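Here is the structure we will look at, set down as structure tokens.
Keep in mind that this is a model prediction, so the values were computed, not measured. Starting from 1, each residue takes its place in the sequence as its number.
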Amino acid sequence: MDNKDDKRRQLIHAMLAQPGGGDPAERHLLPWRSLAVHLSPLIGESGFGALYGRTGRLLAQQYGWLTVSPSSQTLDALFRTLKEDLARAEPAQAALANEALLTTFTRLLSDLIGTALTTRLIDSAWHSAQAQNNAGEQK
């Protein structure tokens, strides 16, 4: 593992550590929604769905309660299914599964487009999510 992998993992941990009230399952989706906003223009919604589907299949045995969604789902349907799965799980299990999903997803993305670009995209998504969260707190 090199420094860029470490940076990618640090960014994922920072995204997951975002404070926020309300529905815990909805908080789990914040990094996903932010990543989708930044990745969809590059790989399309179908590309995002395909990458997420591959991620789910890789983790299906470890987290058997996660729904392995078809790659052709819309992002809204994908996120709705993920939210429902995470809401049904024990909070600690949901957090572990979400971290594993994000780590695997970004590793697969890194294999496709390179570590440097993946890290920049995650960094951009994290700063965007952080700004959105801060704006919501100021209302």
Aromatic ring pairing Tyr52/Trp32, orientation class (parallel under 30°, perpendicular over 60°, tilted between): perpendicular

In terms of heavy-atom contacts, Ser40 and Glu45 come closest through OG-CG, 3.9 Å

What are the two closest non-hydrogen atoms of Val68 and Ala60, and how far apart are they? CG2-CB, 3.8 Å

Report, as yes or no, whether the 6.0 Å neighbourhood of atom CZ on Arg120 holds more than 12 heavy atoms from other residues, nucleotides or ligands. no

Return the CD to CG distance between Gln93 and Leu66, rounded to the nearest 0.5 Å. 9.0 Å

If you round to the nearest 0.5 Å, how far is CG of Leu82 from OG1 of Thr67? 9.0 Å

Quick check: closest heavy atoms across Ala100 and Tyr63, and the distance to 0.1 Å? CB-CE1, 3.8 Å

Using atom types as modelled and distance alone, determine if a side-chain donor or acceptor of Thr106 lies under 3.5 Å from a backbone N or O of Thr103. yes

Separation of Leu108 CG from Ile113 CD1 (nearest 0.5 Å): 11.5 Å

Measure across Gly49 and Leu78 and return the closest heavy-atom pair with its distance rounded to 0.1 Å. CA-CD1, 4.2 Å

side-chain contact (heavy atoms from CB on, under 4.5 Å) between Leu86 and Trp65, worked out: CA-CA 9 Å; Leu86 295 174; Trp65 49 269; 4.1 Å; yes

Take Ile43 and Leu112 through the test side-chain contact (heavy atoms from CB on, under 4.5 Å) and record every step on the way to the result. CA-CA 11 Å; Ile43 63 174; Leu112 290 173; over 6 Å; no

Should His28 and Leu101 be marked as a side-chain contact (heavy atoms from CB on, under 4.5 Å) after you check the CA-CA gap, both sets of side-chain angles, and the distance that decides it? CA-CA 11 Å; His28 287 305; Leu101 285 165; over 6 Å; no

Looking at NE2 of His38 and CZ of Phe48, how far apart are the two atoms once the value is rounded to the nearest 0.5 Å? 12.0 Å

Do Leu42 and Leu121 pass the side-chain contact (heavy atoms from CB on, under 4.5 Å) test, and can you show the C-alpha distance, the side-chain angles, and the key distance before you say yes or no? CA-CA 10 Å; Leu42 298 172; Leu121 286 166; 3.8 Å; yes

Write down the atom of Ser110, the atom of Thr118, and the distance for their closest heavy-atom approach. CA-OG1, 3.1 Å

So how far is it from Leu59 CG to Thr104 OG1, rounded to the nearest 0.5 Å? 4.0 Å

Sub-4.5 Å side-chain heavy-atom contact between Leu35 and Leu102: yes

Could you check whether atom CZ of Arg54 has more than 12 heavy atoms from other residues, nucleotides or ligands sitting under 6.0 Å from it? no

Please check this pair: side chain of Ser34 against backbone of Leu30, looking for a donor-acceptor N/O pair closer than 3.5 Å. no

Starting at CG of Leu75, measure out to OG of Ser46 and round the result to the nearest 0.5 Å. 9.5 Å

